Structures are given as C-alpha cells and as structure tokens.
Undergrad: 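Here you go, one structure.
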Amino acid sequence: MLNTNPGHFHNQGRLNCGVGLAATIGEEIKKRGCGKVLVVTEEILVKLGVLDTVTQSLKDAGLDYVVFDKIEADPSAHLMDSIGELGLREQATCVLGVGGGSSMDSAKAASILIANPGTHILDYKGDYTGVNRYKNTPAPCFAIPTTAGTGSESSWNIAINDTDNVKKVRAQSPFYVPVFSILDAKMMATVPGPVAAGCGIDAFTHCFEAYISTNGAWAFSDFMALEGMRLISEHIRQFVANPGNTEAGQAMLIGATLGGMCLSQAALGIVHGLAKPLSAHFHISHGTANALMLPHVVKYTWRANPAKFAKVAEIMGVDTRNMTDIQAAKAACEAIAEMCADTGLPRSLKDAKVDPAKFEQMAEDCIQGKPFFLNPCKGTVKDLVNIYKNAY
Ligand SMILES: [Fe+2]
C-alpha cells in the first residue's frame, strides 16, 4: 500500500556508479572548473595504496592538490576546523573526501569552512530546523566512499564530535550533499571483513529506521529504504566474505547510498539511539553497536505495524504468500537476526563486554536524544532498559 504521508526529497549531487570509475575523478573535478583540491582521507588508505588511484587521476588531469590524511573515527569539531584552516592556507577551491563516513563528513565540513573564513564547524550545528546556516554557499565537495556504510556521499548530514561538551552533534542541509560522488567497489577491495560487516549493517539500519520512522517517512523514502534493504540483505554475506567481490560491493554501495538519501528524509530511531551510548561508554564501533541492537529493536517494534514489517520479510526473500501479516512480521524479525549473525559481528552485549550496570543511564541517554519518540512502538525508559537486557 502506498505511503501517502507528505514528504520531501532534495538531493543536489550527481552520482557516477561503476567499477573502476574512481580513476575518472580528476577529469570530473576539472570539468567543473575547480582549482586546487583539498583531499581529505585516512592514513591507512594511503598506506594500502587505495589513494593512489585518486592522486594519479588528479595528476593526469593536471590538478594541483594537497592531502590531509589524519582522519580518525568520530572526527572532532577541532579536527574539522583545522582541516578548514589547512584548506584556506593552501588556497584550495574544492574538497574531495575519500574514505568512510568520517572522511566524507570532514570533507563536507571543510567545504563549508573554506567558503566561510573565520567560522567554526560548530557554528553550523543544528537539526532539521537548523538547516542552511552558512552565509556563503559551500565550496564544491566531491566524495568517493571506501566503505558501504554511512551513505555520507548522499546524505544531508555531517556528524560532528563536540569533544568539549562530550556529545555528538550534526550539521544538516541539502547543500552539504557532495556535488559529485563516485561509487566504485574497487575502492573497497581492501576493507577488512569485520569493518565491511559493521558498515553494511549500519547501512541496512539507516534504511530500516527510515522505513519505520514516524517522522518524515513517505512514498519516496519507503521506495529507497526497501530497495536499500533488499540490496544489502542479498549481498552483505558475500561482501563480508570477500570485499574484493565487486559485484556484491556495487550492490552494497548503492544500498548504502540509498540509506544516506532516505535518512535525510525520514529521521532515524531507537536502534541508533540505543547504539550511540554503547559507542560512547564502551568504544564499540558504530556498525557493531547497531548490529547488537537491531534484532532486539525489531522484535520490540513489529507489533506497532505488522503489515510494514511483513513487507521487510518479503524484500529479504521470505516467501510470505501464505502468511498472515503477523506471521510475516515475525519472519522479518528472524531474517534480520540471522543476517546480523551471519556477518560474524558480536551477537550479545555480553560478548561485546558491556557492563549491565550502565543500562539505566544509557536508556536515559537514548531518551535525551529523542529518537525513541520516532519509533512506531511507544514506550518508556523501562522498555529501553529491557531491550538492552534482551540484547545482553
Ligand atoms: Fe548510522
């Protein structure tokens, strides 16, 4: 049944998708009349030679560039500010993010900062009500993901680690979406299996949470979310087993990009809400934290809308023809739990060495971030504590 809720879709970016296309980035940047390029990336990608394809392409196009390769997980506002300063010092006129969400988000941040000298990335923080805080349009930002996860190449969001206030904040605008991105599975061939697994489950979770969100989900986001879940659930096992499998890799990249698009339309919910405190307190990676919470949130939530969950079972390959919506919704719970288990990520909070004494505090943290209210199943802090207990 068509979701007739009102909705919006605004993405400014062009996507080129295909194995080997990362080698064309230099020509693409040149075509757009940009001068010096600030490349934002991770040291490991330089060491593994993954960046060589990009730098060679920039050289071949005759473009001047400077590389910043000190991106770490959860980049801080200070780091983003310093990349902006580097861009200004080097007189870069555009930014290219090559890497996972941290690199691409930092590149998006630098593109705002080099167009607005003297400002700081935290000047731009805000939720959906705080969009477009910049004075000058951000400099052109280009992106090449080397993981299939955050969907930063297509999302409005920049996740910022506000280390001074010990919280994660974000900047959001449709004009923060990179103007041009390349989805090339060749760039993911060296990603370690467990990273591929965590990123893939994160991408699936973006689609799933956007699909069930009570804030912003509409026909477009539903189409994208369902197709994203279908692609990821069909290919994640093969991709985790062999990240060099470019056919599975392209499917994962498209699924993650769809996730980035739909989370810009429909807000995320309690999987991310419960996962965030796990990362904050126990340094569990974002993807693993989502994988730990997802099966239990699904089990908690399906009762609110069995027909919607029945559709999830169908796109995950369950033969639902002779099932009631309730039976199919329960089958979706099993299919999602099985997918998470098959990726080889930790399966319980106990395995992940989480201290149960923190459950109450983490549940409170989740409520503070409000995502609980975007879940179709309405409950209390006690329900969130129970979800943690079930996941232990
Ligand atoms: Fe996420």
Side-chain angles (χ1 to χ4, degrees), residues 71-75 97 99-106 108 127-128 143 145-161 167-172 176-177 191 194-213 215-217 221 224-225 228-229 231-233 236 252-280 282-298 301 336 339-340 343 345-346 352 362 365-366 369-372 374-375 391:
I71 293 296
E72 290 165 1
D74 295 329
S102 299
S103 290
M104 290 187 284
D105 280 3
S106 299
K108 285 154 85 172
D127 57 15
Y128 282 97
T146 62
T147 60
T150 61
S152 179
E153 67 279 5
S154 64
S155 84
W156 293 16
N157 296 359
I158 300 171
I160 308 160
N161 189 0
K167 56 180 178 182
K168 283 282 217 76
V169 296
R170 61 187 171 178
Q172 275 183 326
Y176 299 161
V177 179
V191 73
V195 175
C199 292
I201 295 294
D202 183 34
F204 182 93
T205 307
H206 295 154
C207 295
F208 172 77
E209 295 218 86
Y211 179 64
I212 64 161
S213 180
N215 182 1
S221 59
M224 292 176 179
M229 282 189 275
L231 283 168
I232 294 165
S233 60
I236 191 167
M252 293 296 293
L253 276 170
I254 296 169
T257 298
L258 288 170
M261 285 180 182
C262 56
L263 72 83
S264 301
Q265 300 168 65
L268 299 179
I270 57 173
V271 183
H272 274 74
L274 290 163
K276 267 187 192 170
L278 292 177
S279 303
F282 300 102
H283 307 290
I284 297 172
S285 76
H286 180 69
T288 300
N290 277 320
L292 287 164
M293 299 319 303
L294 178 66
H296 302 281
V297 172
V298 174
T301 310
I336 289 174
M339 176 182 69
C340 291
T343 61
L345 291 168
M362 293 197 298
D365 288 354
C366 175
K370 292 185 294 186
F372 189 70
L374 309 178
N375 197 60

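Whatever order the structure lists ligands and atoms in, that order sets their numbers, starting from 1. Keep in mind that this is a model prediction, so the values were computed, not measured.
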Undergrad: Okay, side chain of Glu209, backbone of Gly269: is any donor-acceptor separation there less than 3.5 Å?
TA: yes
Undergrad: Using side-chain contact (heavy atoms from CB on, under 4.5 Å) as the criterion, point out the one residue from Asp202, Thr301, Val297 that pairs with Val271.
TA: Val297
Undergrad: Judged by atom type as modelled, is there a donor-acceptor pair below 3.5 Å linking the side chain of Ser279 to the main-chain atoms of Ile284?
TA: yes
Undergrad: Listed by chain and number, what are the side chain to side chain donor-acceptor pair (under 3.5 Å) partners of Ser285, not counting sequence neighbours?
TA: Thr288
Undergrad: Tell me, which protein N/O/S atoms are under 2.8 Å away from the Fe ion (ligand 1)?
TA: Asp202 OD1, His206 NE2, His272 NE2, His286 NE2
Undergrad: Is there a donor-acceptor pair closer than 3.5 Å between any side-chain N or O of Thr257 and the backbone N or O of Ser154?
TA: no
Undergrad: Counting N and O atoms only, with roles assigned by atom type, does the side chain of Lys108 sit under 3.5 Å from a partner on the main chain of Ser155, one being a donor and the other an acceptor?
TA: yes
